[in-house]
Amino acid sequence: MKEGLRKIGTWLRWQKCLRCLKYLNPFRLLKRLDRYIIAKFIGTYIFSIILIISISIVFDVNENLAKFTTYNAPLKAIVFDYYANFIPYFANLFSPLFVFIAVIFFTSKLAGNSEVIAMLAAGVSFKRLLRPYMVSAALIAAVNFYLGGYVIPKGNQIKMEFESKYKNKKRSLSASNVQLMVSPGVIAYIQQYDDQTHTGYGFSLDKFENKKLVSHMTASVIRYDSISDSRYHWKAQSYKIRTLKGLREEIQSGAVIDTLIQMEPMDLVFSKGQQETLTITELRNYIGKQVERGSQNVVQYEVEYHKRIATSFASFILTLIGVSLSSRKRKGGMGLYLGIGLALSFGYILLQTISATFAINADTPAMLAAWIPNILYCFIAYFCFRQAPN
């Protein structure tokens with residue numbers, strides 16, 4: 001009898017836990033209508049990406065085939081190093097365009113089939129109709145942010161290396177007369193630096209305390225230790241260290257010494273598009289380090305950092321505009337609104353480019369420049385939203 005009661009008690013506890021898990025499941029709030037619209041939205045979004053990226057690949061192959069042949073690019077490198085990273089990069093870059101096309105296309109089709117009218121006649125308000133659209137936009141925004149912030153930068157690095165070898169887009173591989181503040185009161189100077197071997201020539205390091213020189217290090221060659229477990233490891237050859245203590249001077253010299261200097265190869269050579277090869281965490285750390293050093297060459301990195309965040313929020317804004325424009329059944333079909341959607345999407349991408357130029361060349365704050373397209377399109381979205389229920 002007691003054993004039976006114990007089993008019943010255990011079963012009741014499991015039932016209670018299952019009810020709690022069911023309550024915590026966010027998908028319980030999605031009804032059949034929501035799942036239907038989300039499936040349509042995501043399916044059309046993926047289809048538009050496949051269609052447009054396929055066309056882009058055809059044009060890119062046609063444009064670069066001669067270069068690939070001239071530089072004897074291996075087929076494996078073309079497929080896996082170039083196009084395998086080309087596809088996610090451009091898909092993420094033009095994601096606002098794909099979102100807008102997807103919303104306009106399938107919502108106009110729903111309206112043309114009188115499905116939107118049936119939903120509204122059944123008592124579904126326009127705000128309630130927006131719920132599955134916003135859920136879909138949130139999923140797309142989260143995926144875009146993750147890909148753009150952590151996955152695509154690594155692929156961009158591989159793609160840029162491929163381009164430097166097989167598309168004649170040579171990257172900066174050397175620098176001369178580099179001087180930078182590696183930490184407060186510590187100034188490094190390299191006469192010549194080769195990024196291929198991570199080697200610098202004619203190196204000096206000066207340390208100041210209270211505006212007085214306390215240490216001066218020189219080395220004929222300095223090489224970055226790329227296989228070290230930690231960062232900032234350098235090996236100096238033919239070095240000499242002069243330490244000043246009042247009127248006394250201590251000199252230390254030798255053939256090779258391992259030293260920690262808070263600089264890395266990427267701090268010494270700047271190449272076009274370098275900010276696109278950094279993850280969002282690396283961008284944030286790099287910007288903080290350069291600002292601490294007093295460097296002025298961080299604007300494009302700040303723009304890239306804020307643009308990755310702002311672009312993710314564009315999915316919500318463009319989805320709202322798309323639904324508001326295409327949810328009403330009109331004569332003539334979806335052609336007009338598809339054209340409007342394309343114009344607004346390309347306008348958003350163009351505005352992103354122009355605002356980034358403002359930040360780099362006109363001293364506009366990087367955060368404001370990255371968010372200008374979203375701010376302007378928020379007003380358009382609000383106007384369309386107010387007009388849509390009418």
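Note that the coordinates shown come from a computational prediction; the quantities given were computed from them, not determined experimentally.
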Next on the checklist: One pair to check against side chain to side chain contact (heavy atoms under 4.5 Å, CB included): S326 and F106. What are the steps and the verdict?
Outcome noted: CA-CA 9 Å; S326 58; F106 90 86; over 6 Å; no
Item to check | Between NZ on residue K235 and OH on residue Y224, distance to nearest 0.5 Å | outcome: 13.0 Å
Checklist entry - Given the rule that I, L, V, M, F, W and Y join up when any side-chain heavy atoms are under 4.5 Å apart, are I87 and L65 in one cluster? => result no
Indicate every side-chain donor-acceptor pair of residues 202-212 with a distance under 3.5 Å to a residue at least two apart or in another chain.
from, atom 1, to, atom 2, distance (Å)
D206, OD1, H216, ND1, 2.3

Checklist entry - Under 30°, 30 to 60°, or over 60°: which ring-plane class applies to F313 and W371, parallel, tilted or perpendicular? => result tilted
Checklist entry - Are E282 and K154 ion-paired here, with the side-chain N under 4.0 Å from a carboxylate O? => result yes
Checklist outcome for this item: Between Y239 and A255 the two heavy atoms that sit nearest each other are CE2-N, 4.0 Å
Next on the checklist: Given 3.5 Å as the limit, does a donor-acceptor pair link the side chain of N62 with the main chain of V58, or not?
Outcome noted: no
Next on the checklist: Using every non-hydrogen atom in the two residues, find where R223 and T197 come nearest and quote the distance to one decimal.
Outcome noted: CG-O, 4.2 Å
Checklist entry - More than 12 non-hydrogen atoms from neighbouring residues, nucleotides or ligands closer than 6.0 Å to OH on Y232, yes or no? => result yes
Next on the checklist: To check you understand the geometry: which heavy-atom pair defines the closest contact between F145 and R308, and what is its length?
Outcome noted: CD1-O, 4.1 Å
Checklist entry - Can we call the ring centroids of F86 and Y89 under 6.0 Å apart? => result no
Next on the checklist: Tell me if the NZ atom of K159 is crowded by more than 12 foreign heavy atoms within 6.0 Å.
Outcome noted: yes
Item to check | Shortest non-hydrogen separation from G322 to V103 and the atoms involved | outcome: C-CG1, 3.5 Å
Checklist entry - Judged by atom type as modelled, is there a donor-acceptor pair below 3.5 Å linking the side chain of T199 to the main-chain atoms of V221? => result no
Checklist entry - Are I104 and F383 grouped together when hydrophobic residues (ILVMFWY) are joined by side-chain heavy atoms under 4.5 angstrom apart? => result no
Next on the checklist: Within this structure, what is the CG-CG distance for the pair L325 and L318, rounded to the nearest 0.5 Å?
Outcome noted: 10.5 Å
Checklist entry - Do N374 and Y348 have side-chain N/O donor and acceptor atoms under 3.5 Å apart? => result yes
Item to check | For the student: nearest non-hydrogen atoms of P265 and D195, plus distance | outcome: CB-OD1, 3.8 Å
Taking only distance into account, with no hydrogens and no angle test, what donor-acceptor pairs under 3.5 Å do side-chain atoms of residues 133-142 form with protein atoms, sequence neighbours excluded?
from, atom 1, to, atom 2, distance (Å)
Y133, OH, T107, OG1, 2.9
S136, OG, P132, O, 2.9

Item to check | Check against side chain to side chain contact (heavy atoms under 4.5 Å, CB included), V186 and Q262 | outcome: CA-CA 9 Å; V186 182; Q262 293 187 24; over 6 Å; no
Checklist entry - Should we say atom OH of Y150 is surrounded by more than 12 heavy atoms from elsewhere, each under 6.0 Å from it? => result yes
Checklist entry - After noting the C-alpha distance and the side-chain angles of L129 and I37, does the key distance pass the side chain to side chain contact (heavy atoms under 4.5 Å, CB included) rule? => result CA-CA 9 Å; L129 183 63; I37 292 177; 3.8 Å; yes
Checklist entry - With a 4.5 Å limit on heavy-atom distance, are the side chains of S215 and I241 in contact? => result yes
Item to check | pair I52-F94: side-chain heavy atoms closer than 4.5 Å | outcome: no
Checklist entry - When the ring planes of Y45 and F98 are compared, do they come out parallel, tilted or perpendicular, using 30° and 60° as the limits? => result perpendicular
Checklist entry - Does one side chain, of Q274 or Y301, offer a donor that lies under 3.5 Å from an acceptor on the other? => result yes
Checklist entry - Are side-chain heavy atoms of N64 and I78 found at a separation under 4.5 Å? => result no
Got a list of side-chain donor-acceptor pairs under 3.5 Å for residues 175-184, not counting sequence neighbours?
from, atom 1, to, atom 2, distance (Å)
N177, OD1, Y189, OH, 2.7

Next on the checklist: In this structure, is the centre-to-centre distance between the rings of F68 and F162 below 6.0 Å?
Outcome noted: yes
Checklist entry - Taking all non-hydrogen atoms of both residues, which atom of G148 and which atom of N92 are closest, and how far apart? => result CA-ND2, 3.7 Å
Next on the checklist: Between D60 and Y82, do the side chains contain a donor N or O and an acceptor N or O under 3.5 Å apart?
Outcome noted: yes
Checklist entry - Is the side chain of N156 donor-acceptor paired with the backbone N or O of E276 at a distance under 3.5 Å, no angle test? => result yes
